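Being a predicted model, the structure only gives us computed values, none of them experimental.
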Amino acid sequence: MNVLIVSDSHGLTKELQTIVSRHKQHVDAIIHCGDSELTSDHEALQGMLVVRGNCDNERRFPTDLVEEVNGVRFFITHGHLYNVKMTLMNLYYKAKEVGARIVCFGHSHIAGCEQIDDVLFINPGSVYLPRLRREKTYAILHIDEATTTVHFYNIDGKPLHDLTTTYTTK
């Protein structure tokens, strides 16, 4: 299973569409973790699971989503309502509450992933204004029988090997 994850595009459309067209044939789902600053009917968001961020005015986007992709439960949120710039514990408790194995979030514009117990947290960074690194980033989650790997890419599709992390699938 492969899932494309983007966040914090803040009005960019051409770049978002380029990323999606680059990977759409090879992924089972596409997630936008908020702050798209686009309307729910915008063509750049079609076919995506999208949540509302603190900079989104579109009220049709939910603040949180719980979705199953190929039998894996995801909790998707922007993160501002869970204080993600300070701690992941609020997201951890919410993931446990909803039975999610993967949490996708944004808000901090900092690309990274971390596993706490059996919950994997993925922040794809920002395709608009990254923090703590120069590259504008997004992520692709790959899950097979033995491993779960989070691959990070810059906006041009170049792999960022220093961020890529593999976990043993339980």
Shortest non-hydrogen pair, Asp8 vs Ser126, comes out as O-OG, 2.8 Å
Would you call Lys96 and Asp118 a salt bridge, taking side-chain N to carboxylate O under 4.0 Å as the test?
yes
Within the side chain of Asn123, is there an N or O that forms a donor-acceptor pair under 3.5 Å with the backbone of Gly125? yes
Interatomic distance, CG@Asp35 vs SG@Cys55, rounded to 0.5 Å, equals 4.0 Å
| request: With the side chain counted from C-beta on, respond yes when Ile143 and Arg101 share a heavy-atom pair under 4.5 Å apart, and no when they do not. | output: yes
message = With a sphere of 6.0 Å drawn around CG of Asp144, does it hold more than 12 non-hydrogen atoms of other residues, nucleotides or ligands?
response = yes
Point to revise | From CA spacing to verdict: side chain to side chain contact (heavy atoms under 4.5 Å, CB included), Leu129, His10 | key: CA-CA 9 Å; Leu129 186 63; His10 293 281; 5.9 Å; no
Ser7 and Gly34 have their tightest heavy-atom pair at OG-O, 3.6 Å
Where the side chain of Thr77 meets the backbone of Thr63, is there a donor-acceptor pair that is under 3.5 Å apart? yes
Is the closest basic N to carboxylate O distance between Asp64 and Arg52 below 4.0 Å?
no
>> I'd like to know if the side chain of Thr87 and the backbone of Met89 have a donor-acceptor N/O pair within less than 3.5 Å.
In response: yes
_Quick one: does any side-chain atom of Thr165 pair with a main-chain N or O of Leu163 as donor and acceptor, under 3.5 Å?_
yes
| said: In this structure, is the centre-to-centre distance between the rings of Phe61 and His32 below 6.0 Å? | reply: no
- prompt: Does Phe74 belong to the same Ile/Leu/Val/Met/Phe/Trp/Tyr cluster as Leu88, with side-chain heavy atoms less than 4.5 Å apart forming each link?
  reply: no
### Message
For a side chain to side chain contact (heavy atoms under 4.5 Å, CB included) check, start with the C-alpha distance between Leu49 and Ile76, then their side-chain angles and the critical distance, and finish with the verdict.
### Response
CA-CA 9 Å; Leu49 300 168; Ile76 306 160; 4.1 Å; yes
Item checked: Leu65-Tyr92 co-clustered via ILVMFWY side chain contacts under 4.5 Å -> no
Margin query: Contact between Cys113 and Phe152 at the side-chain level, heavy atoms closer than 4.5 Å - yes or no?
Written below: yes
Checking ring pair (Phe, Tyr, Trp, His ring centres under 6.0 Å) for the pair His23/Tyr153: CA distance, chi angles, key distance, verdict? CA-CA 11 Å; His23 298 286; Tyr153 299 86; 5.6 Å; yes
- Honestly curious: do Val6 and Val50 fall in one hydrophobic cluster under the side-chain, below-4.5 Å linking rule? yes
Taking every heavy atom of Val69 against every heavy atom of Met1, the minimum-distance pair comes out as O-SD, 3.2 Å
Any donor-acceptor pair under 3.5 Å linking the side chain of Thr137 with the backbone of Asn154?
no
Smallest heavy-atom separation, Val150 atom then Ala139 atom, equals CG1-CB, 4.2 Å
Aromatic ring pairing Phe105/Phe121, orientation class (parallel under 30°, perpendicular over 60°, tilted between) = perpendicular
- Item | Under 3.5 Å donor-acceptor, Asp56 side chain and Glu58 backbone | no
Hey, does the side chain of Arg73 reach the backbone of Ile102 with a donor-acceptor pair shorter than 3.5 angstrom?
-> no
Any donor-acceptor pair under 3.5 Å linking the side-chain atoms of Tyr128 with those of His109? no
(Q) With a 4.5 Å cut-off on side-chain heavy atoms, are Gln17 and Glu43 touching? (A) yes
Correct closest heavy-atom pair for Val84 and Gly106 would be CG2-O, 3.8 Å
- Ring geometry between His107 and His78 (parallel below 30°, tilted from 30 to 60°, perpendicular above 60°): perpendicular
*Quick one: do the Ser40 and Arg59 side chains pair a donor with an acceptor below 3.5 Å?*
no
Can Ile30 be reached from Val3 by stepping across I, L, V, M, F, W or Y side chains whose heavy atoms are under 4.5 Å apart? no
- Under the 3.5 angstrom rule, does the side chain of Ser36 hit a backbone N or O of Leu38 as a donor-acceptor pair? yes
Legend entry - Hydrophobic cluster identity match, Met48 and Leu4, side-chain contacts under 4.5 Å: yes
If you define the side chain from C-beta out and look only at heavy atoms, does anything of Ile5 sit under 4.5 Å from Ile140? no
Subject >> Heavy-atom check, side chain of Leu120 versus side chain of Val103, under 4.5 Å >> reply: no
Any Thr39 side-chain heavy atom under 4.5 Å of Arg60 side chain: no
When every non-hydrogen atom of His80 is compared with those of Gly53, the smallest separation belongs to CE1-C, 3.8 Å
| query | What is the ring orientation for Tyr82 with Phe75, classed by angle as parallel under 30°, tilted 30 to 60°, or perpendicular over 60°? | reply | perpendicular
Between the CD1 atom in Ile122 and the SG atom in Cys33, the distance rounded to the nearest 0.5 Å is 8.5 Å
The side chain to side chain contact (heavy atoms under 4.5 Å, CB included) partner of Glu135 among Asp156, Leu160, Val127, Ile155 is Leu160
query = Do any N or O atoms from the side chain of Gln115 and from the backbone of Asp117 form a donor-acceptor pair under 3.5 angstrom?
reply = yes
### Query
Have Asn2 and His142 got a donor and an acceptor in their side chains that come within less than 3.5 Å?
yes
*asked:* Run the side chain to side chain contact (heavy atoms under 4.5 Å, CB included) test on Leu16 and Leu45 for me, step by step, so that the C-alpha distance in whole Å, both residues' side-chain angles and the decisive distance to 0.1 Å come before the verdict.
replied: CA-CA 8 Å; Leu16 200 54; Leu45 298 178; 3.9 Å; yes
